[in-house]
There are 2 protein chains.
Amino acid sequence: MSESSTSNTRVKLLDAAERLFALNGIGSTSLRAITSEAGTNLASIHYHFGKKEALVEAVFARRIEPVNRDRLERLDRVEAESEPNLEDVIRAFVRPALSLLRSPDHGGAHVMNLMGRLYSEPGDLKFAILKQFEKIALRFGAALHRALPILPPDELFWRFHFMIGSMAFTLVAGDVIEHRSEGRISLDDVDANVERLVSFIAGGLRAPLPNFTTSEDTV
Amino acid sequence: MSESSTSNTRVKLLDAAERLFALNGIGSTSLRAITSEAGTNLASIHYHFGKKEALVEAVFARRIEPVNRDRLERLDRVEAESEPNLEDVIRAFVRPALSLLRSPDHGGAHVMNLMGRLYSEPGDLKFAILKQFEKIALRFGAALHRALPILPPDELFWRFHFMIGSMAFTLVAGDVIEHRSEGRISLDDVDANVERLVSFIAGGLRAPLPNFTTSEDTV
DNA sequence: GTCTATAAGTAGATAGAC
DNA sequence: GTCTATCTACTTATAGAC
């Protein structure tokens, strides 16, 4: 990357956009609101990013890239052992995302929210950004298959998405969870929450298959 | 409800808004786009709903209310038996939402998408709408506790949200799932997908608790 | 209840000074 | 690289005819 000039303004714009996108949604956030928050002017966005869409992609890319690199590094380490454990594979996938919460240099909650929100963004944007996850999906899909060889590929495919869902929801709905618990529960203890998620997901992945004969009238 | 005049226009507006909200997001959908899609005029929205925010709430309420009523009815039936089965409780929760996909009178996919998207909407709107889920959360929380009495309440609380996550993700990311599977997988078979989700969630809820001593250096 | 017309404000994007 | 000023189009909302 040609980061000779990290252009303080560029970073300030990304920070402001990230915060406002997570808070109010992308469509509801105007460029003017972003420049106002960043303490710059309207033209700076067009100078650095060209148009709003490019700014949006840059906001996501800045967070996704290091998280996915971390995931792959952890998976490499897990697979260096001869017999990879299911929990270890899941942990390598889940922890880098949940860790964003306590990353010291950034706001925290809004980053998680933004990551989780990704999946519910409009079509074109979503698929453009999800391309950055293709390698991750392949590597982790293969690792899960090796850890759970009995599971038919199509069923593993479904469960892989259920797994993503429980993680993404934790990212996006952290405030709902804290709100509903009336103070009893906090998102601060990342270690504990990662382990909670890992156990749940491992149990779900290992669950016996349904027989697919149960239908409406059984309920 | 004073549904003496179901006001065809009102319904057309709700249908159009629902479709566009799911497709492009709420913030990015203008009232003009909605009236254009509905074949009405701009003033009709203000006549029927007053302002955009009220329209948004009406769009959600129209879908949430019957789904949650269905959930409670199913739970009543499940609890009528002496010893409620965990899978039955989960199914009562999950099926009414997934069933929207094949509801004959409406578009389908965009309704699911909208329901799943709810959790990633901005603060005020989200909490206003999530109030409609309070009764559901209490009833199902209690039912899950009775089916899994060994699980400490705080851990059940977490796992209940992981459960919501895997369901909400299936609702919101249906197109991602179909896209990634390259045609091998379809969302049409609601019965099979409900059973897939129920097995996964049941496995997750029944999983052994983590010991919470595993930390960063273990990975 | 439904419409047109219009007010009053805000959107993204650009030109050009410094 | 950063700024002000401005263009054009679109936004929500309202007033008033029918």
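Residue numbers begin at 1 in each chain, while the letters A, B, ... track the order of the sequences.
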Kindly determine whether Glu65(B) and Arg69(B) satisfy salt bridge (Lys or Arg N to Asp or Glu O under 4.0 Å), including the steps that lead there.
CA-CA 6 Å; Glu65(B) 201 268 328; Arg69(B) 188 156 24 94; 3.0 Å; yes

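Considering only heavy atoms from C-beta on, Phe160(B) comes within 4.5 Å of Phe140(B) through its side chain.
At a threshold of 4.0 angstrom between heavy atoms, the contacts of Ser44(A) with the nucleic acid are absent.
Close to dC3(C), at under 4.0 Å from its OP1 or OP2, lies a side-chain N or O of Asn41(B). A sub-4.0 Å separation between OP1 or OP2 of dT2(D) and a side-chain N or O of Tyr47(A) is absent. Side-chain nitrogen and oxygen atoms of Thr9(A) include none within less than 4.0 Å of the OP1 or OP2 phosphate oxygen of dG1(D).
Stacking of Arg71(A) on the aromatic ring of Phe93(A) is recorded, both the 6.0 Å distance cut-off and the 45° axial limit being met. The cationic atom of Arg184(B) (NZ for Lys, CZ for Arg) lies less than 6.0 Å from the six-membered ring centre of Phe157(A) and within 45° of the ring axis.
With a 3.5 Å limit on both pairing distances and Watson-Crick or G-U wobble geometry required, the stems of 3 or more pairs in DNA chain D span C:1-10 with D:9-18, C:12-18 with D:1-7.
By the 30° and 60° cut-offs, the orientation of the rings of Phe200(B) relative to Phe200(A) is perpendicular.
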Can you check nucleotides 13-16 of chain D for protein contacts, nitrogen or oxygen pairs under 3.5 Å, and list what you find?
unit_1  : atom_1 : unit_2   : atom_2 : d
dA13(D) : OP2    : His46(B) : NE2    : 3.2
dA13(D) : OP2    : Lys52(B) : N      : 3.3

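A salt bridge between Asp191(B) and Arg95(B) is present, with a side-chain N of the basic residue lying under 4.0 Å from a carboxylate O of the acidic one. Salt-bridge check for Arg77(B) with Asp88(B): failed, with every basic side-chain N at 4.0 Å or more from each acidic carboxylate O.
Taking Thr29(A) as the reference, Leu20(A), Phe21(A), Asn24(A), Ile34(A) meet the side-chain contact (heavy atoms from CB on, under 4.5 Å) condition, with sequence neighbours excluded.
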